[in-house]
Amino acid sequence: MHPLLISAYTASSCLGRGLEPLREAMLAGRSTLKPCDFETVSLPTWIGEVEGIDDQRLPASLARFDCRNNRLAQLGLLQDGFADTVREAMSRYGADRIGVFLGTSTSGILETELAYRRRAPDTGALPAGFNYAGTHNTFSLADFVQHWFGLKGPAAVVSSACSSSAKVFASAARMIASGLIDAALVGGVDSLCLTTLYGFNSLELTSSQACRPFDRARDGISIGEGAAFAMVEPAPASIPRDAILLLGYGESNDAYHMSSPHPEGRGARQAMDAALARSGLAARDIDYINLHGTATPSNDAAEGNAVKGLFGDATPCSSTKGATGHTLGAAGGIEAVIAALAIRNGFIPAGVGTTDPEEGLDYVLTTRRQAVRHVLSNSFGFGGTNCSLILGSPA
Amino acid sequence: MKPTMTNTPAAWIRSIGLIGPGMTDWPACAAILAGDAAWSSERTVLNAPEELPPAERRRAVRVVKLALGIGLQATSAAGMDPSELATVFSSSGGDGVNCHLICETLASDDRQISPTRFHNSVHNAAAGYWSIATGATAPSAVLCAFDGSFGAGLLEALAQIRFDGQPCLLLAYDADYPEPLRAARPIPDAFGVALLLTPERDAHSCGRLAVNLTDDAADTLADPALDTLRCSIPAARSLPLLAAIAARRSGRVVLDYLDHARLAVDYGA
């Protein structure tokens with residue numbers, strides 16, 4: 001495929017707002033996961049919470065979109081001058097020539113969970129003022145972002161569980177290549193809610209401590225929340241040396257089970273193979289693999305099998321979910337931003353939380369300062385949906 | 001909005017699958033839309049397909065039955081093996097009953113939700129069950145654009161066909177929500193349509209479509225009852241296009257999409 005220029009990017013997570021705290025935490029190998037104290041949730045698990053989400057005030061004209069997820073989206077858009085970059089692209093391309101493709105898994109469902117506690121005792125009705133379209137519906141995120149900027153192009157939310165905000169890069173690449181748009185705002189936002197905390201707990205997939213991806217003693221995920229955004233546009237003929245490019249993507253389905261990965265990592269392997277093929281790169285060209293690495297026993301085993309099969313034990317890899325938590329629908333976007341930072345700043349981030357990694361991989365326990373040109377980032381989800389992205393710097 | 005580009009995304013329609021109120025399949029729907037049969041709005045009948053393993057068949061919720069039903073109708077009509085096909089799943093929401101029961105449980109004193117209920121809550125549940133039922137490991141796009149979900153799915157499918165040069169199965173589907181959610185999201189019943197789209201014409205193609213964005217208003221259906229159906233279920237926003245296909249009527253059809261844009265579909269029979 002023709003490379004796409006990732007002309008701007010930003011991410012906010014429990015590590016902080018924008019790129020600087022994320023970069024610092026990656027370099028220092030720091031985590032900000034904490035025991036779960038979210039809302040009224042009583043579960044023996046750890047979470048990654050973004051500070052100050054509820055202090056965000058949406059513009060009065062967009063009050064119908066008010067919910068934790070869209071407040072987090074606005075918080076994310078306001079970092080690193082990202083909103084200004086989007087507005088500059090709008091003036092260059094036209095508001096109708098920029099698509100909005102964002103990933104989320106639960107959008108603003110927290111509003112519905114809270115509304116159900118306030119149902120009318122006699123009729124069972126939800127409270128007045130409950131706005132399904134603006135909050136609960138998964139499209140609410142892209143709808144909010146389009147209205148926030150006044151963008152007028154095509155828009156969709158990709159909601160394929162934990163591969164969502166990796167797959168938006170693929171949708172954007174196809175839509176730009178088809179000629180319908182000139183550029184796209186992509187990324188993902190997912191926020192803490194009761195459905196995912198109690199849901200993953202019911203599947204016995206949450207850890208009672210901070211998650212330990214790829215550790216031999218790993219025992220489950222830590223759910224986090226976050227927002228990541230990027231602008232993608234066709235790479236110009238003359239590419240600046242410090243540009244970050246999307247070089248390839250690969251997608252697949254496991255066709256195996258709704259909540260367990262194929263044990264050999266068949267779908268994961270297929271997605272990574274497809275990303276390499278599309279980028280024209282070989283496995284030896286990849287300098288770092290940002291693993292999906294949720295820290296559940298079966299997910300990491302399946303992904304490890306797929307990575308070993310394709311890369312052997314020679315390619316440095318780690319999961320950054322020990323630092324950010326698993327931000328579900330936002331994970332692919334946040335990890336694409338981490339890949340961009342690794343390339344731009346020359347480091348391979350440590351897999352925080354892990355002390356005794358599975359054998360057979362070059363699993364990075366201490367952040368390495370070294371030149372990084374090509375990063376493969378994996379995002380796999382429920383229902384057996386897989387997506388791998390390859391980011392890189394120009395030749 | 002800029003003038004129509006000469007190079008708009010386009011594809012050939014190879015086959016159609018459809019399930020809706022009083023419509024068991026595409027031939028039944030086509031006869032109604034062409035004016036050859038009367039329509040009565042009987043509640044949509046959904047069955048879990050035999051292709052699902054027994055455990056998955058038991059767990060299949062309404063949107064899953066609907067999506068698999070329309071998808072298998074389309075691949076069967078085309079005589080195509082679904083296991084190789086890329087797919088686009090587009091829906092305005094997940095399964096309403098499942099969502100209601102999760103929210104009810106989370107509002108109660110005992111918040112333990114069932115694992116099956118949780119994994120059926122993901123928006124890509126239908127895509128997951130489809131890949132398990134058909135053995136399809138090809139990519140799925142899983143989209144939502146609220147009432148514009150059919151349009152979003154059609155754009156994605158056409159972009160995929162342009163980019164990859166491979167056939168793509170578009171599945172757009174929505175099912176009803178129970179109270180109290182129904183008061184906030186008044187979708188009355190289930191409706192789904194699957195379009196098997198190909199980059200090249202073949203002997204069985206039932207027309208070609210090309211799509212662009214427009215400021216024009218969406219077309220309506222002459223029959224008031226059918227137009228009510230079009231407006232009340234997002235996937236049924238496809239009906240003006242399906243009516244053109246049913247009548248083999250070439251021309252321009254405008255479909256609902258987003259607040260600020262509709263889809264101008266250039267259909268050639």
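To find a chain, count down the sequence lines: A is the first, B the second, and so on, and within it residues start at 1.
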For chain B, which candidate among [options] shows the most heavy-atom pairs at distances under 4.5 Å?
{"options": "A:Met258, A:Arg266, A:Arg117, A:Glu251", "answer": "A:Met258"}
{"options": "A:Ser160, A:Gly267, A:Gly383", "answer": "A:Ser160"}
{"options": "A:Pro154, A:Ser259, A:Ala177, A:Ala271", "answer": "A:Pro154"}
{"options": "A:Gly103, A:Gly250, A:Ala155", "answer": "A:Ala155"}

Let me confirm one number: the [atom1]-[atom2] distance from [X] to [Y], rounded to the nearest 0.5 Å.
{"X": "B:Asp259", "Y": "A:Gln146", "atom1": "CG", "atom2": "CD", "result": "8.5 Å"}
{"X": "A:Leu197", "Y": "B:Arg111", "atom1": "CG", "atom2": "CZ", "result": "10.5 Å"}
{"X": "B:Gln160", "Y": "A:Arg174", "atom1": "CD", "atom2": "CZ", "result": "4.0 Å"}
{"X": "A:Leu194", "Y": "B:Cys103", "atom1": "CG", "atom2": "SG", "result": "9.5 Å"}

Q.
Taking side chain to side chain contact (heavy atoms under 4.5 Å, CB included) as the definition, give me every residue that meets it alongside B:Glu104, ordered by chain and number, with sequence neighbours left out.
A.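 Expected list: A:Tyr116, A:Arg119, B:His100, B:Leu101.
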Q) How would you list, by chain and number, every residue that makes a side chain to side chain contact (heavy atoms under 4.5 Å, CB included) with B:Pro53, sequence neighbours excluded? A)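 Listed in chain order: B:Glu56, B:Ile132.
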At a 4.5 Å cut-off on heavy atoms, which part of [X] comes close to chain A: side chain, backbone, both, or neither?
{"X": "B:Ala183", "value": "neither"}
{"X": "B:Ser92", "value": "both"}
{"X": "B:Asp147", "value": "neither"}
{"X": "B:Leu258", "value": "side chain"}
{"X": "B:Ile102", "value": "side chain"}
{"X": "B:Tyr257", "value": "side chain"}

Q | Side-chain H-bond candidate by donor/acceptor type, B:Thr137 with A:Asn253, under 3.5 Å | A |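 No pair is found: no donor N or O on one side chain lies under 3.5 Å from an acceptor on the other.
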Q | Any side-chain donor near an acceptor of the partner, B:Glu156 and A:Ser171, under 3.5 Å | A |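 Yes, a side-chain donor-acceptor pair sits under 3.5 Å.
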Q) Is B:His260 reaching over with its side chain to a backbone N or O of A:Gly153, donor-acceptor style, under 3.5 angstrom? A)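 Yes, B:His260 side chain to A:Gly153 backbone: donor-acceptor pair under 3.5 Å.
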Q: Please answer whether the main-chain N or O of B:Val142 pairs with a side-chain N or O of A:Lys167 as donor and acceptor at a distance below 3.5 Å.
A: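 No, A:Lys167 side chain to B:Val142 backbone: no donor-acceptor pair under 3.5 Å.
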Option in [options] with maximal non-hydrogen atom pairs under 4.5 Å from chain A:
{"options": "B:Phe89, B:Trp130, B:Phe163", "value": "B:Phe163"}
{"options": "B:Ala152, B:Ser140, B:Ser90, B:Ala141", "value": "B:Ser140"}
{"options": "B:Ile161, B:Leu106, B:Leu143", "value": "B:Leu106"}
{"options": "B:Ala184, B:Pro115, B:Ala107", "value": "B:Pro115"}
{"options": "B:Ala145, B:Gly128, B:Ala159", "value": "B:Ala145"}
{"options": "B:Ile113, B:Thr105, B:Leu263, B:Val122", "value": "B:Ile113"}

What part of [X] gets within 4.5 angstrom of chain B, counting heavy atoms only: side chain, backbone, both, or neither?
{"X": "A:Glu204", "value": "neither"}
{"X": "A:Ser105", "value": "neither"}
{"X": "A:Asn137", "value": "side chain"}
{"X": "A:Leu151", "value": "backbone"}
{"X": "A:Tyr256", "value": "backbone"}
{"X": "A:Thr40", "value": "both"}
{"X": "A:Phe101", "value": "neither"}

Q. Residues in side chain to side chain donor-acceptor pair (under 3.5 Å) with B:Glu179, at least two apart?
A.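 Testing B:Glu179 for side chain to side chain donor-acceptor pair (under 3.5 Å), a comparison that skips the adjacent residues, returns none.
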Q) Are the aromatic ring centres of A:Phe382 and B:Phe118 under 6.0 angstrom apart? A)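 Centroid separation for A:Phe382 and B:Phe118: below 6.0 Å.
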(Q) Can you list the residues of residues 125-136 of chain A that sit under 4.5 Å from chain B, counting heavy atoms only? (A)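 So the qualifying residues are A:Ala125, A:Leu126, A:Phe130, A:Tyr132, A:Ala133, A:His136.
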Q | Non-hydrogen atoms of B:Ser131 and A:Ala255 that approach each other most closely | A |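 Closest heavy-atom pair between B:Ser131 and A:Ala255: O-CB, 3.1 Å.
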Q.
Within the 4.5 Å heavy-atom criterion, are B:Leu181 and A:Thr112 side-chain neighbours or not?
A.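 Yes, close enough: below the 4.5 Å cut-off.
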**Q.** Test: B:Asp215 and A:Lys152 ion pair at under 4.0 Å
**A.**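 Salt bridge between B:Asp215 and A:Lys152, a charged N being under 4.0 Å from a carboxylate O: no.
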